[in-house]
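Sequence positions, counted from 1, serve as the residue numbers for this chain. Whatever order the structure lists them in is the order used to number ligands and atoms, beginning at 1.
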Amino acid sequence: MPAGGIQPLDPTIVALISAGEVIDSPGAVVRELVENALDAQADRITLSLWTEDDLFSLQVVDNGVGMTVADLAKVGQPHSTSKIRQLQDLYQIRSLGFRGEALHSIAQFSHLTIASRPPGEMGYQMRPGDYAPTPYPMAEGTIVTVTRLFANFAQRRTGLPARSQQLRQIQKLIQEFALLHTSVTWQVALEHRPWFSLWGSKSMAEVLLQIFPKYSATDLREEQQDHLQVVVGLPDRFSRPRPDWIKIAVNGRPVHLPPLEETVLEAFSQTLPRQRFPVCVVHLRVEGETIDWQRHPAKREIYLHNLGEWQQRVARIIRQLLQSPQPSLSSYGKQLFRLAESAADYHPQTPPKILGQLHRTYILVEEGEGLYLVEQHVAHERILFEQLERQWQIVPLPTPLLLSDLSEEQRENLNREGIATVPFGHNTWRITALPRLLVNHPDLTAAVYALSRESSSSAVRARVACLCAVRNGTELDHATMTQIIQGWQKCQVPHTCPHGRPIYFFLGKQKLDNFFRRY
Ligand code: ADP
Ligand code: MG
């Protein structure tokens, strides 16, 4: 941050900064004030929201570096900031704010009071356009109070969504900032009562577990490497009915970056059931020069240089995280959590001990400190699917197959996968070669029709895997069960079948001990 306190920006810089209305809702006020507190390096931020004369009011208290009385006197003037000074600063932005516009706008729309006290100095309070700084007893940090928001802007008030929705937005915003600034403790009050808190933590995973208390550390994986931090919910345990928890952030700020959101969805695509969506937070830390915040006044939309490279890295990390299976199950609590983060701990030292088959559907395996019930069909399906992903082999059929009533789209789906459909008279096609696994299938006609309806390569492979996997209800001998379990343990994604159903249920020793009260 440049030295010299708050100063008005040069008009040439102002002209370059994406102009536009930033303060359009209570949520926007919260966002701007919270960003200021974070820029001031606060690690404790308190937000209070209340209604006064039917109008929205709020206060943000932080324990950051505060402002000198000289700076305080300048707050609320247009385009005045301590965060950038000259043109080149605009290309190396390290702070969340830089336009020097927020407090000025907020002052236009509300009663704004600011009190601040830097370390070792006295506190002062002022109200822009009303009174200059006057001594004010307070702890180090800054208190910004906004009352009667949009009192004289009835139109802006009526354009807002319902109050409950606005509060949800604010809660989401705080949760997002908490995930990106993990060491900060947040306390939020609503109508003078505690609403929610998020404690300062060491990792995104720890914050995420505060937001979703019914999940545990073993339901998440987190990885941090080289300017990139990613936390994911394991698809079979922690997913969402809506795509509302795919969060992308750059340099401590949540952003809207649809191509990267697509990358995340794609990376999860063969692990989640149809109507489920991932939980995934991706935090990039990029150099100021490779990013352009000017695109959108609220800085939600950005230009990111070398986006393609980031997409590849994010996809790779997510794949790695999803491949690290259930950690060694002998440790619990915090220890378990640490193990959960390193994939290396998984590979079992002892061979699996097959205890038997239950309901001709579940293979019972004792391993490490617990019992796995592995659903035989989905486990086998996952094994075959991964084989097919590695090697897709089309071999000739002993007897060609004749199929009728194939639409053009169905034929295209087959041809795309190397399954030729040769015209054979009116509305009939001849198939002479099929995927190797499928050749001995008892109902080839039905199988090929099923494949022809799958519109992507991986859906076709998933379909073949499903058609060829051992059925539930089939009695299995010990050797087959061992084969399935060993194959499953080697799978890259052992948690779910290609359609997203879970493969196993785990009953750990601790759960049993708890049940039998053997502590
Ligand atoms: P910007 O954040 O873009 O600089 P703002 O209008 O949000 O613009 O804030 C103007 C200036 O007020 C900031 O540059 C900063 O110097 C000071 N300021 C605002 N809020 C705080 C705070 N919570 N703690 C310390 N300084 C603050
Ligand atoms: Mg600001």
Side-chain angles (χ1 to χ4, degrees), residues 1-10 13-14 16-24 27-48 58-86 89-90 92-110 112-129 133 136 138-146 173-174 177 181 184 186 251-254 288 293-294 296-300:
M1 209 170 284
I6 300 180
Q7 287 178 27
L9 286 173
D10 190 281
I13 301 181
V14 174
L16 277 174
I17 296 177
S18 179
E21 197 47 79
V22 188
I23 304 303
D24 56 0
V29 179
V30 172
R31 182 192 61 226
E32 293 296 332
L33 299 185
V34 160
E35 287 189 356
N36 283 347
L38 291 168
D39 279 344
Q41 281 130 47
D43 66 4
R44 180 170 279 274
I45 300 178
T46 307
L47 165 66
S48 313
L58 63 113
Q59 182 177 66
V60 174
V61 181
D62 71 57
N63 66 345
V65 297
M67 276 170 270
T68 62
V69 61
D71 273 349
L72 194 60
K74 294 183 222 163
V75 156
Q77 292 171 11
H79 298 299
S80 293
T81 179
S82 60
K83 300 173 191 173
I84 62 170
R85 188 72 70 231
Q86 47 195 358
D89 297 339
L90 209 48
Q92 302 169 11
I93 285 166
R94 309 238 182 281
S95 51
L96 295 167
F98 58 84
R99 297 199 177 99
E101 222 181 8
L103 291 178
H104 170 69
S105 299
I106 294 170
Q108 312 301 304
F109 291 124
S110 69
L112 171 66
T113 315
I114 307 178
S116 198
R117 179 179 165 196
E121 292 179 36
M122 269 178 52
Y124 285 86
Q125 189 186 57
M126 60 85 79
R127 174 173 281 182
Y136 186 76
M138 62 182 289
E140 286 172 10
T142 299
I143 306 173
V144 181
T145 314
V146 175
L173 195 109
I174 300 295
F177 275 119
H181 303 266
V184 178
W186 307 78
N251 295 0
R253 183 201 313 279
W293 291 109
Q294 325 309 338
H296 187 259
K299 309 180 193 106
R300 269 247 160 203

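D62 places a side-chain N or O within donor-acceptor distance of the main-chain N or O of T142, the cut-off being under 3.5 Å. Between the side chain of N63 and the backbone N or O of R44 there is at least one donor-acceptor pair closer than 3.5 Å.
In this structure, S116 and G66 approach most closely via the heavy-atom pair OG-CA, 3.2 Å. Closest approach of A107 to L112, counting heavy atoms only: CB-CD2, 3.8 Å. Scanning both residues, K74 and I6, for their nearest heavy atoms gives NZ-O, 2.8 Å. Here the closest non-hydrogen pair linking M122 and P118 is O-CD, 3.9 Å.
Shown in contact with E101 at under 4.0 Å from a heavy atom are these atoms of ligand 1, numbered in order with element: 6 (O), 8 (O). The distance from ligand 1 to the heavy atoms of I6 drops below 4.0 Å at these ligand atoms: 11 (C), 12 (O), 16 (O), 17 (C). The contact set between ligand 1 and T142, taken as ligand atoms under 4.0 Å from a residue heavy atom, comprises 22 (C), 23 (N), 24 (N), 25 (C). Close approach to M67 involves these atoms of ligand 1, each under 4.0 Å from a residue heavy atom: 17 (C), 18 (N), 21 (C), 26 (N), 27 (C). Ligand-side atoms of ligand 1 in range of G66: 25 (C), range being under 4.0 angstrom from any heavy atom.
Of all the heavy atoms of T81, the ones lying under 4.0 Å from any atom of ligand 1 are found in both the backbone and the side chain. The proximity of D71 to ligand 1, defined as any non-hydrogen pair under 4.0 Å, does not occur for either the backbone or the side chain. Contact annotation for A40 and ligand 1: only side-chain heavy atoms (C-beta onward) come within less than 4.0 Å of the ligand. Of all the heavy atoms of L103, the ones lying under 4.0 Å from any atom of ligand 1 are found in both the backbone and the side chain. Within the 4.0 Å heavy-atom criterion, neither part of E35 lies near ligand 1.
Considering backbone and side-chain atoms together, H104 places no N or O closer than 3.5 Å to any N or O of ligand 1. Distances between N or O atoms of N36 and those of ligand 1 include at least one value under 3.5 Å. For A102, a nitrogen or oxygen atom sits less than 3.5 Å from a nitrogen or oxygen atom of ligand 1, counting backbone and side chain alike.
Using 4.0 Å as the threshold, V65 has no heavy atom nearer than that to any atom of ligand 1.
Distances from the Mg ion (ligand 2) show that T81 has no N/O/S atom below 2.8 Å.
In summary, the side chains of S48 and Q59 do not present any donor paired with an acceptor at a separation below 3.5 Å, with no hydrogens or angles considered.
For residues 117-126, the side chain to side chain donor-acceptor pair (under 3.5 Å) pairs, not counting sequence neighbours, are Q125-Y131.
Looking at residues two or more places apart in sequence or on another chain, you find a side-chain contact (heavy atoms from CB on, under 4.5 Å) between H181 and L38, L96, F177, V184.
In this structure the side chain of L47 reaches within 4.5 angstrom of the side chain of I174, judged on heavy atoms.
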